[in-house]
Each structure stands twice: as structure tokens, then as C-alpha cells.
Amino acid sequence: MNEEQKALILSSSSHFLPPQGVKLSYGTAGFRADASLLSSAVYRVGILAALRSLKTQAVIGLMITASHNKISDNGVKIADPNGGMLSQHWEPFADALANAPSPQDLIQLINDFVKKEDIQFNGGRPAEVILGRDTRPSGGALLKAATEGIASILGAVATDMGILTTPQLHWMVRARNKGMKASEKDYFEQLSSSFRCLMDLIPSEKSNRKGSNDKLVVDGANGVGGVKLEVLQKQLNGVSIEIRNFGEDGGVLNEGVGADFVQKEKVVPNGFGSEDVGIRCASLDGDADRLVYFSVAPESNSKIELIDGDKILSLFALFIREQLSILSEEEDVKNSRHAHLGVVQTAYANGASTNYLKQLGLEVNFTPTGVKYLHEKAAEFDIGIYFEANGHGTILFSEDLKGWLEAKTKELSSKSKGSEIEKASLRLLAVSELINQAVGDALSGLLLVEVILQHMGWSIHGWNELYHDLPSRQLKVKVADRTAVITANSETVVASPPGLQEAIYAETAKHPQGRCFVRPSGTEDVVRVYAEASTQEAADNLANSLAKLVDQFLGCSKS
Ligand code: 16G
Ligand code: MG
């Protein structure tokens, strides 16, 4: 770093001093905190984004959002050149950057890091960062802070893409770096045209069936997702979507609404009620990277039947498997290709879903919680489907398989036009266009669910009947130091403190079909407890006993 560069960072960073006594951690989904505490961290993430762009010589994304958190919070995260999460290898730098106490410390830190990573300021392409934000009122000011951070790296270019869903920004970063069309209009066009293509491929005897194609009602969490879905739906033919809670009717972001609320509380979001019994409903989270479906339970005030990420995964897996099996019937063995399909879940996946997937003969893999882990695992397959129970997930297609499918459809369009094999390969290609390849995307996930339900001729109830969730319970426990809990085997067992796992095994054994685990949260200062068992009472008991054990072993409970 030359002196001019150092002086520029020094002067601009003096306008963004960090609040005293606040320690931030990049966590599983970037920095998140009360918006009033964030301008310094966001400014510094702007610097990080520009450095990341210099290092990778590619476009980097910077998203300002706090997803499902309350409206007064905000946050910031980075999208890497492939549209995925920031490389884990840079996370400690992000932490150090955000927590550096003074501009001088900041310069020192950046200087050391630039040397270590061998980041070149001259000779290559200048840094380029594209920015997006959700609908939070604090977003505009934080976006300015990020832009100033980017501008403090000489020659760096920042482009504000406006209000976006998180997956839209990730999609744009990926598209830009692949040299593809990358505007918001292009995003909508790609989703709508691949959706229409899939709708055209629905077997005719299914498309007329009643029950599957009646209306869908979407809870937009009073956030950006509903607004964007409104735009997208104008480009879809023959789909009827009613959007509620799209933030323009006085509702507050994530307050009693949204995918996180619906999945955790298992009750209807605001704006839904007994008049909706029997209707197919879906809920997005505040930045539209989570999706769950639900239906209002009959004869109950506010209870719902939840169709979570596990069931979305199961629906996707069934459909993909069906298309692959049609393709494998290709007579010309020389031309056929075995596609390796894998699914990825976390310990939160309901045990009934895992059993169901295994019974289908699928390979089920587990990773720790957090999109970055699931995504990385899913990328190992020709087709990798990943979902967290909370509704984060997508389907990844390897470049190799996509290339093969493109060649195949070309060949089949002349050789056996209209054949089942041609249709199956066209469907897979269209899915790879529709479903966001950069990150889980509630809008593209929702369109794919809608197509598949029509393809199968299923109502939401038919889908819900694929398997029955085991009763489960989640609790959180406040402890003095949650980092004292160290887990192993994708968070299914506790490695430390010693003795805790043995005590957990002893409790589990007392409950039929009992399964449980504890893990430190990556987003809140708590230890989370999950338990499932054959009855709700048993799941509740098991969760409560675990919470007590955590309290005993970690002591000094704060509450
Ligand atoms: C973040 C993660 C999500 C994970 C959740 C767990 C991303 C984009 N988001 O929201 O995948 O399920 O954290 O939160 O990675 P917890 O650690 O507090 O349980
Ligand atoms: Mg989110």
C-alpha cells in the first residue's frame, strides 16, 4: 500500500469511528446489530469488498440487510465472485477489521493483510463492487457508509443496484462474473422464461386437474420479497398469486409475519386467518432468501400446518429424480450419463424427512448449520439439493452436467422431438435456469414449487402427506459463554464440555424415537437446544432436560 492510499483510508475512516465497547463477529451471515451501531462496520466492509475484488480480480457484492431480524437492526454481508458467501478464509479479517479500535489500527491491519494476501493495487483491473439493500429505513445511510469505504480504495468503483432481495444481488454478482446479462430485468426475465418453459412441459393430463392450480397466497414479511414478487408475477402467464404483507400497507417488517416467524411459532402470520383454510400459502423472510409453505389448520384459531424446508427439499428431490430416471432410460448406452444426485441437510432436518429421503434411495449428507456449509457440500454433486429446515436452500447443477444437458437437448430436438427423454432433459435445463445457482432464493424456489405441484397434480395437502414430521421442540438457553460448547459430526454431538454428551445420551435413551442436540447459535448470544421424539410431550420433555443439562454444565446462567 503506498502512502497516498494509506492517507486516503486514514482520512475517510476518521468519519466512521466504531462505537465503544461493541464487539462484532462476521458470524454465519455477516455482521448484524442494531442499525445505530453499524456505520463503522459497514464502512469497513466496503474496504474489505474492494480488497476482495482486487484479490480475485472480479466483481464483488455487498448486501445491506438483517434478514428476519427486527426492523431496527441491520447488517452487511459480502457475495464472492461466484455469487456465494465470502470465503471463510477471509472471515477473521472481517472480524478484525470491524473491531479495530482506531483509524491507525485499521491502517496497520489492512497493510499487514494486503502483504499477506499479496493484493496488488496496480496493474490489474480496478476494484468493482455492486451494492444492494433491503427495505429497512436505515439502509440508505448504511449504503452511503459502504460506498465511502469502497471509495477509500484508490480507483475502486461502487455501483448501487438499489433495493433488492439478497438472492438477487448474489445472482447479479455471479452473472456479472460469468459475462452474462446481469440487470434486475435480466433476473426477472430468466426466472419467468424458465418458469413458463417448465409450465409448458407439464403433462397435459395433469395440468387440468383441480386442486393443484388454484390460488397461492404469499406473506411477503412486509419486506422486499413481496414487492419483487409483484413485479415478477406480471411476467408469469396463468399463475394467480395474491400477495399480502408487502410492506406498503402499514405493516412492520418481520413483525408477526415472515418465514422465520411462521416456521418457529407455527401460527398464521398477520393478515391470514380462518378465511384462508384450505388455501395454499407461502411465507418469505425479510430479505427473501427463505421460503416455507403452510396451510391454515381447520377449526383452530391460528394454528398452521407447516411445510418447511425439509419438505420443499423432498418435493424437489422427487421431481429431479423422476427426470433423471426418464433420462436413464435412453437406449443408446453410449450416450447416456449417470448423474450423481446428492441431498444435503443439517441436524435440524426432521428425522422423518431424512428417513423419507433415504427410502427414496437418495444419498443424504449432513453439514453444520449455515448456508455456506450446505452450499459447499451440494456443489460436490452433478445435482446437489440442499435445504435447511428454516427454508434456506437451492439446487446446484455442475457445469459439466449443464453442458451435457445442453448438448443432449440439441441432439434430441432433431432426433426424437417430443419424446419423454427430450422433455426430461428440457425440464432439468429449465430448472437449472430457474433455481438460483448462487444462493437459496425464495422467489425462484416458490416458482419451482408451484410448477412441481402442478406437474404432480398435487394439492398442498397431497404434498404435506409425503411424510409426517416427528414432533419437535427448540429452546434457547442463555449461558455465560456460549463458545464453551464445541460440537462435532455436523453439530450432532458435543465434544466439549466433557461429560455433557454422555448426559445427553442418557436423557435421549429415555424417550422413544428421541433425537436431540445442542449447539451455540451463530447469530444470537445463546445455546440452542433441539429435540424430537414420537410425541410432542416427549419432545418437550427431552428439550427441557437438555436445557437443564446445558445450564448445569455451563453454569453462571444469565437468566
Ligand atoms: C443464519 C444463516 C442460516 C442459519 C441461521 C442459524 C445464512 C445466509 N444464514 O441466518 O443459514 O440457519 O443463521 O442461526 O447462512 P443460529 O446460528 O442463530 O441458529
Ligand atoms: Mg434471510
Side-chain angles (χ1 to χ4, degrees), residues 25-33 61 63-71 73-80 83-88 91 132-136 164-170 219-226 228 253-254 257-264 283-292 308-310 313 344-349 366-378 386-394 436 438-443 445 474-478 482-483 485 487 490-491 517-530:
S25 156
Y26 195 80
T28 30
F31 294 118
R32 270 188 214 173
M63 182 72 196
I64 303 207
T65 178
S67 183
H68 55 277
N69 287 36
K70 56 183 188 290
I71 190 164
D73 281 357
N74 215 327
V76 60
K77 59 181 166 184
I78 293 289
D80 245 7
M85 302 291 163
L86 173 69
S87 162
Q88 289 167 49
E91 285 180 11
R133 63 181 175 99
D134 70 16
T135 52
R136 282 161 210 273
L164 295 175
T165 70
T166 296
Q168 279 185 310
L169 185 77
H170 284 262
D219 157 29
N222 290 320
V224 59
K228 300 296 179 185
L253 176 71
N254 298 332
V257 293
D260 188 63
F261 172 81
V262 168
Q263 192 240 349
K264 292 231 170 81
S283 189
L284 320 175
D285 77 335
D287 62 340
D289 64 353
R290 284 195 199 181
L291 171 69
V292 296
D308 62 3
D310 301 338
L313 186 157
V344 187
Q345 301 191 302
T346 72
Y348 284 110
F366 286 88
T367 71
T369 301
V371 167
K372 59 190 175 192
Y373 302 114
L374 291 108
H375 192 96
E376 190 175 74
K377 186 69 195 171
Y386 71 86
F387 261 90
E388 292 187 311
N390 62 22
H392 267 295
T394 194
N436 197 321
V439 76
D441 179 341
L443 300 190
Q474 292 196 46
L475 295 174
K476 41 186 179 180
V477 187
K478 282 214 173 216
R482 74 187 198 277
T483 62
V485 179
T487 62
S490 299
E491 303 178 326
F517 62 92
V518 304
R519 57 175 280 277
S521 160
T523 63
E524 271 183 79
D525 191 13
V526 294
V527 169
R528 297 203 193 279
V529 170
Y530 175 92

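Whatever order the structure lists them in is the order used to number ligands and atoms, beginning at 1.
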Problem - 2.8 Å cut-off met by an N, O or S atom of Asp285 to the Mg ion (ligand 2) - result: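 Within the cut-off used here (under 2.8 Å), Asp285 does place an N, O or S atom near the Mg ion (ligand 2).
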Practice task
Could you tell me whether the Mg ion (ligand 2) has an N, O or S atom of Thr166 under 2.8 Å away?
Solution key: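 No, since none of the N, O or S atoms of Thr166 sits under 2.8 Å from the Mg ion (ligand 2).
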Ligand 1 to [X] polar contact by distance, N or O atoms, under 3.5 Å:
X: Gly522; result: yes
X: Glu388; result: yes
X: His68; result: no

Practice task
For atom NZ of Lys264, decide whether the heavy atoms of other residues, nucleotides or ligands shown that lie under 6.0 angstrom number more than 12.
Solution key: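 Yes, the 6.0 Å shell around NZ holds more than 12 heavy atoms from other groups.
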Problem - Glu91, CD: over 12 other non-hydrogen atoms inside 6.0 angstrom - result: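 Yes - once you tally the heavy atoms of other residues, nucleotides and ligands closer than 6.0 Å, there are more than 12.
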Which of the atoms of ligand 1 are close to [X], meaning less than 4.0 Å from one of its heavy atoms?
X: Arg519; value: 16 (P), 17 (O), 19 (O)
X: Met85; value: 8 (C)
X: Asn390; value: 12 (O)
X: Thr369; value: 4 (C), 6 (C), 12 (O)
X: Thr28; value: 1 (C), 7 (C), 13 (O), 15 (O)
X: Arg528; value: 16 (P), 18 (O), 19 (O)

I'd like to know if the side chain of [X] and the backbone of [Y] have a donor-acceptor N/O pair within less than 3.5 Å.
X: Ser490; Y: Phe366; result: yes
X: Asp73; Y: Gly75; result: no
X: His170; Y: Gly83; result: yes
X: Arg32; Y: Thr523; result: no

Exercise for the section: Can you figure out which of Thr523, Val526, Asp260 has its heavy atom closest to atom 18 (O) of ligand 1? Expected result: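 Ranked by closest heavy atom to atom 18 (O) of ligand 1, first place is Thr523.
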Exercise for the section: Can you label the angle between the Phe517 ring and the Tyr530 ring as parallel, tilted or perpendicular, going by 30° and 60°? Expected result: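 Parallel.
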Practice task
Indicate yes or no: does Arg290 engage Asp260 in a salt bridge with an N to O separation below 4.0 Å.
Solution key: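 Looking at Asp260 together with Arg290, the answer is yes, because their closest N to O distance falls below 4.0 Å.
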Handout entry: Check ion pair Arg528-Glu491 (N to O, under 4.0 angstrom)
Key =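 No, no charged N to carboxylate O under 4.0 Å.
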Handout entry: Ser87 versus Asp80, side-chain donor and acceptor atoms under 3.5 Å
Key =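 Asp80 vs Ser87: no donor-acceptor pair found between side chains.
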Exercise for the section: To the nearest 10 degrees, could you say what angle the Mg ion (ligand 2) makes with OD1 of Asp289 and OD1 of Asp287? Expected result: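 Computed angle, vertex at the Mg ion (ligand 2), rounded to 10 degrees: 90°.
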Problem - atom 7 (C) of ligand 1: nearest protein contact (heavy atom, Å) - result: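 Result for atom 7 (C) of ligand 1: Val371 CG2, 3.6 Å.
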Handout entry: Nearest-contact summary for atom 9 (N) of ligand 1 - protein heavy atom, Å
Key =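 The protein heavy atom lying closest is His392 NE2, 3.6 Å.
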